[in-house]
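One structure is given below, encoded as structure tokens.
These figures come from a predicted structure and were not determined experimentally.
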Amino acid sequence: MKKKNIYHINDRTMKYQSLILSRHQHNYLGLPGTFEARYPQEIVFPNMSAGRVDEFYTTAEGLLINLEEESGEITEKVLEKISNYLIFGDFMYSKKLYSAVICHKDPKKEFEYFERSPSIIIKVHFIYIPQEELWRKYENLIRKIEQKEQLTIEESLDIAFVAKFISKEYGQFITESLAKSFKYAKISDEIPKRDIGVLLGAMILKHFDDDEKINELMEDIDMKQINDEIRIIAREEYADKLEKIEKENIQLKNKQKEIENKNKQMETKQKEIEIKIKKLSEMKDLNSQKARKILNSLIVH
């Protein structure tokens with residue numbers, strides 16, 4: 001296997017986790033409520049600017065969670081971007097909002113309030129796993145795998161999270177060690193082993209550049225078998241889900257068209273008002289019948 005240049009590999013693995021392991025990831029991260037359903041990632045604002053969130057989903061308790069992953073520092077620009085997502089979520093779905101950010105770099109705090117404007121203040125929940133905690137998780141994994149013990153759901157997900165969030169300095173060592181042990185790991189029965197294998201495979205591509213080493217580690221985790229399983233599942237099990245996603249996308253596009261039409265109507269009305277105001281400014285007698293008619297029409301607006 002020749003190494004593929006996969007851009008934004010951290011974002012892509014997060015999206016895979018959110019799509020395939022959504023409920024388990026929600027619980028792993030300690031987020032509030034009970035996972036219910038994913039929402040479209042595409043967003044369009046009334047001014048027609050567009051974007052894409054990492055994840056929007058609801059809980060059974062009626063909470064709309066925006067989950068983001070940030071590889072760099074948490075800056076005011078990042079917080080402003082997140083506030084845009086929450087404003088969109090409030091406008092589109094009218095649900096109580098919750099913002100969470102998985103951080104690669106220590107944000108030095110668990111929560112932060114960001115004042116977008118005097119009337120818009122958001123609260124952001126930062127999720128950061130310290131390096132010493134990642135090492136503890138790694139050592140626990142190796143111990144349980146060597147002792148042929150069953151991994152819990154959380155420990156199964158640890159394989160993916162440890163390899164992803166460990167510092168660059170130790171990325172190769174940790175990833176290779178986990179890859180060499182993976183075939184012996186007894187993954188929780190509630191999580192398909194192939195899904196953890198996909199995420200570990202992505203981390204192999206993230207941490208290694210040598211094609212020979214990549215091929216060796218991909219064989220260790222039996223990536224060919226994983227790919228074969230996924231192809232079968234895609235053909236046999238996901239047809240209905242893909243159709244549902246397509247319907248959701250169509251509904252979102254229709255909603256976006258509705259917003260666009262409303263904006264056009266507002267622009268038309270605004271132009272009409274501007275024309276009427278211009279006419280009034282040119283009139284010498286604002287008590288004339290013509291002027292009063294224009295004024296009355298403005299009051300109606």
With sequence neighbours left out, what residues match Lys81 under side chain to side chain contact (heavy atoms under 4.5 Å, CB included)?
Glu70, Tyr85
Can you sort out the partners of His24 under ring pair (Phe, Tyr, Trp, His ring centres under 6.0 Å), two or more places apart, ordered by chain and number?
none
Are any non-hydrogen side-chain atoms of Leu79 and Thr75 less than 4.5 angstrom apart?
no
Show the atom names and distances, to 0.1 Å, of all donor-acceptor pairs under 3.5 Å that link a side chain in residues 181-192 to residues at least two apart or in another chain.
from   : atom 1 : to     : atom 2 : distance (Å)
Ser181 : OG     : Ser177 : O      : 2.9
Lys186 : NZ     : Lys148 : O      : 3.2
Ser188 : OG     : Glu190 : N      : 3.2

Before accepting this row, confirm whether a basic side-chain N of the pair Lys164/Glu69 lies closer than 4.0 Å to the acidic partner's carboxylate O.
yes
Is it true that Glu112 and Lys123 make a salt bridge, defined as a side-chain N closer than 4.0 Å to a carboxylate O?
no
Phe126: which residues meet the ring pair (Phe, Tyr, Trp, His ring centres under 6.0 Å) condition with it, sequence neighbours left out?
none
Go through the structure and list residues passing ring pair (Phe, Tyr, Trp, His ring centres under 6.0 Å) with Phe35, not counting sequence neighbours.
Tyr57
Are Lys271 and Glu267 ion-paired here, with the side-chain N under 4.0 Å from a carboxylate O?
no
Decide if atom CD of Glu76 counts as having more than 12 heavy atoms of other residues, nucleotides or ligands within a radius under 6.0 Å.
no
Heavy-atom side-chain proximity of Arg116 to Asn84 below 4.5 angstrom:
yes
Going by atom types only, do Glu61 and Thr59 share a side-chain donor-acceptor pair under 3.5 Å?
yes
Would Lys253 and Glu42 pass as an ion pair if we require N to O under 4.0 Å?
no
State whether the number of non-hydrogen atoms from other residues, nucleotides or ligands found under 6.0 Å of Tyr170 atom OH is greater than 12.
no
Just wondering, do Ile82 and Val101 contact through their side chains at under 4.5 Å, heavy atoms?
yes
Salt bridge check, Lys269 against Glu272: does any charged N sit closer than 4.0 Å to a carboxylate O?
no
Between Asp54 and Gln41, a side-chain donor and acceptor under 3.5 Å:
no
Determine whether Ile259 and Met92 make a side-chain contact, defined as any pair of heavy atoms from C-beta on separated by less than 4.5 Å.
yes
Between Glu248 and Arg38, is there a side-chain N and carboxylate O pair less than 4.0 Å apart?
no
Validation row: Ile43, Phe56 side chains within 4.5 angstrom (heavy atoms)
yes
Heavy-atom neighbours of Lys180 NZ exceed 12 at 6.0 Å
yes
Determine, for Arg143 against Glu146, whether the closest basic-nitrogen to carboxylate-oxygen distance falls under 4.0 angstrom.
no
Across all chains, not counting sequence neighbours, the ring pair (Phe, Tyr, Trp, His ring centres under 6.0 Å) partners of Phe111 are His125
